[in-house]
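All chains are named by letter (A, B, ...) in the order of the sequence lines, taking the proteins before the strands, and each is independently numbered beginning at 1. Since the model is a prediction, treat every value here as computed from it, not as a measurement.
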Amino acid sequence: MFRRLPDSPAETLRFTFDGAALTARRGDTVASALLANGIASCRTTPAKGTPRGPYCLMGVCFECLVTIDGTGNRQGCLVALEEGMRVETQAGARRAVAP
Amino acid sequence: MKRITEAAQLEARYDLVIIGAGPAGQSAAIAAAGLGIATLVVDENLAPGGQIHRGITTTPVTDRAVLGADYWRGLPIAQRFLASAVDYAAGAKLFSLLPAGDEPGRHAEIELGVSIAGQARPVFAGQVIVATGAMERPFPIPGWTLPGVLTAGAAQIALKAHGLVPQGRVVLAGTGPLLLLVAAQLRAAGATITAVLDTTPAANRAGAARHVIDFLRSPYLGKGLSLLAKARGGPRRIAGVTGLRAEGEDRLRAVTFTAGGAAQRIEADVLLLHQGVVPNTVISNAIGCAHRWDDRQLCWVPIRDEWLLSSVEGVAIAGDGGGIAGAECAAESGTLAAIGAAHRLGRIDAAERDRRAAPVRAALERLGRGRGFLDALYRPAAADRVPAEDSTIVCRCEEITAGQLREAVAGGATGPNQLKAFLRCGMGPCQGRLCNLTVTEIVAQARGITPEQAGTYRLRPPFKPVTVAEIASLPQTNAAVKAVVRY
């Protein structure tokens, strides 16, 4: 969906999205790392289960909510990507206790 | 500047807490530090600059021609901010703000809830400056929730902060100076833009004409001319666009619209929407500041006095969060708010305050000229603010449509707060950030009343989601523990 400009010298970071091994750069947020890897959708809505992806990239729309290292409802556009992060699609509503 | 990376590093009390590190917040911090005021700056972003100067100290885009001179104007501000004697918490979350008062539960000073790296702390402040800036106006068209549809501002942030450009067939649609600027910046960065769909109503020109003298005397003239020159020879621009829709099943496939009386369809991979910016009033609303509907900018603005003080004691609102005026005005208003706060803190007397404020007020007057022209020229069409089609989603979080809202109003819901109870609109994670203006205007239109009479959602803290673990990490007083612990 997005491609990186050639003059990006930053360090490469490895992370996973739904188990798939991916790479991005230091300085990326989780949301920008997903967009740079061609991932348009990162959650489904609690109301009707429709797919959603990053929309505003500035913390107001809450469409880029993902599960990061097991914690749900994280705003992907406000979290700096770290080496080895485990990012997962947030499917539907959160549960207080894991099913 | 002292970087705060853990909640434990926060002082228990500051003279001044500034929320946001865009042009207004940074300028307020620079002025406050210069007056020896103990200041904390809390910012959600990972680096200073706000959205307008997003990533100004970290951007991977080294060719300065790509983002342009107006962007790089943010660098000296950030450098002065980073060199100033303030505490700076980046990547921090402000989730509550309790005004000062004698009512039960309140304190002699303002209490803020701040969370950093998963740990929350209360912080007391003598004065607060809210500098949370602007956000893009909602653009509720059919299909605007599809993955692949983003705001033009989002594409600009991806470019500034991360050096990313949208790939494939890119379509921009909407109205306003930012749309043209983003098109020019993306083109300079090598993006292929298939079309720019201009929804600016042709009738706006007549309304703008009466502001033209101010505009010609304003700094906007030069910027506008250079923007239009950059747009020349650019991508296909289609004017008079109405009936915009994003189509696709699980992601965007095409954009359809009407222009020149003909229905058209363009296949697209990325659609970037924009129809102006509006104040982000989440905090000012949730803490109970009085607001009014601004019919020129079609949004809610907090009511402020000449020192930018809101109706809540000790809380000033600087920058675009108090009304859209642009980055340069925001910086000046941050300085003005800090001067006012310094006086209320007893650091400078009234004469000194007024002396320092005079040149700032003069700059605000000069820089604000021409805004009326832009507001009138780029006023978004009524049909792009209140969806005609009943099936169009208005509340993205809870997936509530324009038709459901109109039906509930016909059934007796009198305003946005009753609609929450009827439909859950505005009650998802975004807390109505992306639907409140649309809901206000739908109610106003359906009931034949003004937006001011229709009102808006009453927001409450937390301003941002907090985990149970974050709440549990708050230090507890003996009284608070005794209130819940039973032996």
Distance from [X] atom [atom1] to [Y] atom [atom2], nearest 0.5 Å?
X	Y	atom1	atom2	value
A:Leu35	B:Leu150	CG	CG	6.5 Å
A:Met1	B:Leu164	CE	CG	10.0 Å
A:Cys61	B:Arg433	SG	CZ	10.5 Å
B:Gln156	A:Met58	CD	CE	11.0 Å
B:Thr467	A:Arg74	OG1	CZ	9.0 Å
A:Leu5	B:Leu159	CG	CG	6.0 Å

[X] versus [Y], closest heavy-atom pair with distance:
X	Y	result
A:Arg3	B:Gly190	NH2-O, 3.0 Å
B:Cys430	A:Val60	CB-O, 3.5 Å
A:Gly53	B:Pro147	N-CG, 4.1 Å
B:Lys464	A:Gly59	NZ-O, 2.8 Å
A:Ala47	B:Glu398	CB-O, 3.8 Å
B:Ala158	A:Phe2	CB-CE2, 3.8 Å

Measuring heavy-atom distances to chain A, does [X] have an atom under 4.5 Å in its side chain, in its backbone, in both, or in neither?
X	value
B:Val165	both
B:Arg424	neither
B:Leu146	neither
B:Ala47	neither
B:Glu399	both
B:Thr62	both
B:Leu46	side chain
B:Asp250	both

Original post:
Should we count CD of B:Glu249 as having more than 12 external heavy atoms under 6.0 Å?
Top reply: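 No, not enclosed.
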Subject >> Heavy-atom contact with chain B under 4.5 Å, split by part of A:Ala10 >> reply: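 When you check distances to chain B, no heavy atom of A:Ala10 falls under 4.5 Å.
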Original post:
Given a strict heavy-atom distance threshold of 4.5 Å, which part of A:Cys77 is in contact with chain B: side chain, backbone, both, or neither?
Top reply: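 Only the backbone of A:Cys77 comes within 4.5 Å of chain B.
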**OP:** Among the options B:Thr145, B:Asp269, B:Val270, pick out the one with the most heavy-atom pairs lying under 4.5 Å from chain A.
**Re:**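 Result: the option with the highest number of such pairs is B:Thr145.
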Subject >> Selection from B:Gln51, B:Lys93, B:Gln431, B:Glu136 maximising heavy-atom pairs under 4.5 Å formed with chain A >> reply: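 Heavy-atom pairs under 4.5 Å are most numerous for B:Gln51.
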Original post:
Quick one: are A:Thr45 and B:Cys397 in side-chain contact, heavy atoms under 4.5 Å?
Top reply: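 The answer is no, as the side chains (C-beta and beyond) never meet within the 4.5 Å cut-off.
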**OP:** Name the member of A:Cys42, A:Gly27, A:Ser32 that forms the most heavy-atom pairs with chain B at distances under 4.5 Å.
**Re:**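 Maximum pair count with chain B is reached by A:Ser32.
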Original post:
Which of the residues A:Lys48, A:Glu63, A:Arg52 is involved in the greatest number of heavy-atom pairs with chain B at under 4.5 angstrom?
Top reply: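 With the most close heavy-atom pairs to chain B, the winner is A:Arg52.
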Original post:
Does NZ or CZ of B:Arg396 lie under 6.0 Å from the centre of the six-membered ring of A:Tyr55, at an angle within 45° of the ring axis?
Top reply: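 Here B:Arg396 passes the 6.0 Å and 45° test against A:Tyr55.
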